[in-house]
Number of protein chains: 2
Amino acid sequence: MKTLRADALRSRERIVRAAEAAFRRHGVDASLEAIAKDAGVGSATLHRHFRSRRELVEAVFQDSTGAVAAEASRLAAEHPPGPALFHWLQAVLDHTLANRGLATTLVPAADEHHGGFCGHDALEAAVAPLLVAAKGAGQVRADVTVGEVLSLVNAISLLADHDPGADPERLLGLAITGFGPRQCEQH
Amino acid sequence: MKTLRADALRSRERIVRAAEAAFRRHGVDASLEAIAKDAGVGSATLHRHFRSRRELVEAVFQDSTGAVAAEASRLAAEHPPGPALFHWLQAVLDHTLANRGLATTLVPAADEHHGGFCGHDALEAAVAPLLVAAKGAGQVRADVTVGEVLSLVNAISLLADHDPGADPERLLGLAITGFGPRQCEQH
DNA sequence: ACCTGAACACCGTTCAAGT
DNA sequence: ACCTGAACACCGTTCAAGT
C-alpha cells in the first residue's frame, strides 16, 4: 500500500471513472480494453493498477457499497432488531440489483492477498451487530451465521441477473420466513 | 423440427458428445470453437445446429435433467408429500452442483421460440404435483409457486458456482424453513 | 442440403521500448 | 517509476465457396 506518484494516481482515477460509466452501460463484464481507451491509458496501465477484473469492480463500487454498510447502524437505531436486519438485507439486495453483475464480486475473495477494499468483508462487518441483536430478540434462529445470511441475499441477486422475470424481493421474503413447514413447538 | 439427413445427424451427435466432455472439464463456458474442432466439424456447422450456447447446453444435459425430473414421481410414491418435495429439491440441487454452470440455463428461456428441450420447463412440470401434494398436507405455504421454489434452488446453485466455500445444502435448508421469525398464529 | 475454411471484429495479457 | 504501443494467443460469428 505505497502512496502513488501524482501521475500514477491520476491514471488510476481516470480508469475508475471510465470503468464506472462502462459498468453502468454494459455490466461488470464490460471490455477492459475499452475502459482503458476511454480513460486515455494503455491497457497495460490498467492491468498494473488492477491485477484482476474483480479488483477494478471493488474499486468502482467501494463508495456505494460502503454507504450501504454504513446504513446498518442507522437502521439499528431507528427500528427494532428484527425489522432493522430485514430492512438492511433489502437495502443490500436493492444495491446489487441496481448494478448488474455486482453480486458476483460480493462473495468471499478467493484470491488471498488481493489488498484494498473488499465489499464482502465490509458487508459482513456491517451485518454482524444487526444479526446479534435480532437473535437476542428471538427474531432469527441462533444457529445462522453472517455468511449464510449474506449468501442468501447474494444468491437471489445472482438469480435476478440471470432471470429478468424473477421477483427478488419476494424471494428474499420467502427465504426469511421459509416456504416449508413451521416448527412452532420449538422457539 | 424436421428430420435430419444422416450426415447432419452424425455431425450433431459428434458435437454434443464433444461438448459433453468439454463442459465436464471447463464448465459450460468452454470454447465453442474448441468443441467444434474436437467434434471434427467446422465452427459454422456447430452454429447452425445450435443457434446459441444455451441450446447446446440444453442438448448436452437433456438426458440427465430429464432423469432428475423423472425422479419426482418415484419420490412421490415412496415418501409423504413434504419430504418428497424436499428430497427432490435436494436432487435438483445435487444435479446442478455436479455440473458447473448448468444452473445458468435452468432459468426461464428469454429467447421465445428456441425449440427443442428446455430443462427449466421439464423441472417445472415435474415439481408441480409434488408442490400441490405438499400444500395439501400443510407442509408448504399455499401462496408459493413452482417457479419460486425452483428459483430459490437455482439461486443457491448460482451462488455455489461463484463461491466454492458456500454450503448449498445448508442454504437450501435455511430457505425451506426460513431463518427469520416464525408465524405460528397462522397456519 | 449440408459442410468447410477463411475472414472479420473482437478480447485479455504481456513485453520491449520509451520518458 | 510509470507509461505506451505493439505483439500474442485467443474468442464467436458470418460468408463465400465447395460437394
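Lettering of chains follows the sequences in order, A, B, ..., and the numbering in each one begins at 1. These numbers come from a predicted model, not from an experiment.
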- Message: It should be established whether B/H49 places a side-chain nitrogen or oxygen under 4.0 Å from OP1 or OP2 of nucleotide C/dC2.
- Response: no
- Does anything in residues 130-139 of chain A pair up under salt bridge (charged side-chain N to carboxylate O under 4.0 Å, His left out), and if so which pairs, sequence neighbours excluded? none
- Message: In this structure, which stretches of DNA chain D are paired as stems of three or more consecutive Watson-Crick or G-U pairs, both distances less than 3.5 Å?
- Response: C:4-8 with D:12-16, C:12-16 with D:4-8
- Item | Distance in angstrom units between B/K37 NZ and D/dG12 C1', rounded | 14 Å
Strictly under 3.5 Å: I want the nitrogen or oxygen pairs between protein and nucleotides 14-19 of chain D, one per line.
none

- For residues A/T177 and B/R141, is any side-chain donor paired with an opposing acceptor at under 3.5 Å? yes
- Using whole Å, report how far CD of B/E33 lies from C1' of C/dT4. 13 Å
- Item | Between P of C/dC3 and CG of B/D7, the distance in whole Å | 6 Å
- Query: How close or far is atom P of C/dT4 from atom CD1 of B/I15, stated in whole angstroms?
  - Reply: 9 Å
- Message: Closer than 4.0 angstrom, basic N to acidic O: yes or no for A/E78 and A/R74?
- Response: yes
- Task: With DNA chain C as reference, determine whether A/S31 or B/S11 sits nearer its 5' end, using the nearest nucleotide of each.
- Result: B/S11
- Task: Would you mind telling me which of C/dC2, D/dT4, D/dG12 lies closest to the side-chain atoms of B/A8?
- Result: C/dC2
- When the ring planes of A/F61 and A/F23 are compared, do they come out parallel, tilted or perpendicular, using 30° and 60° as the limits? parallel
- Compare side-chain N and O positions of A/R48 against OP1 and OP2 of D/dC2 and report whether any pair is under 4.0 Å apart. no
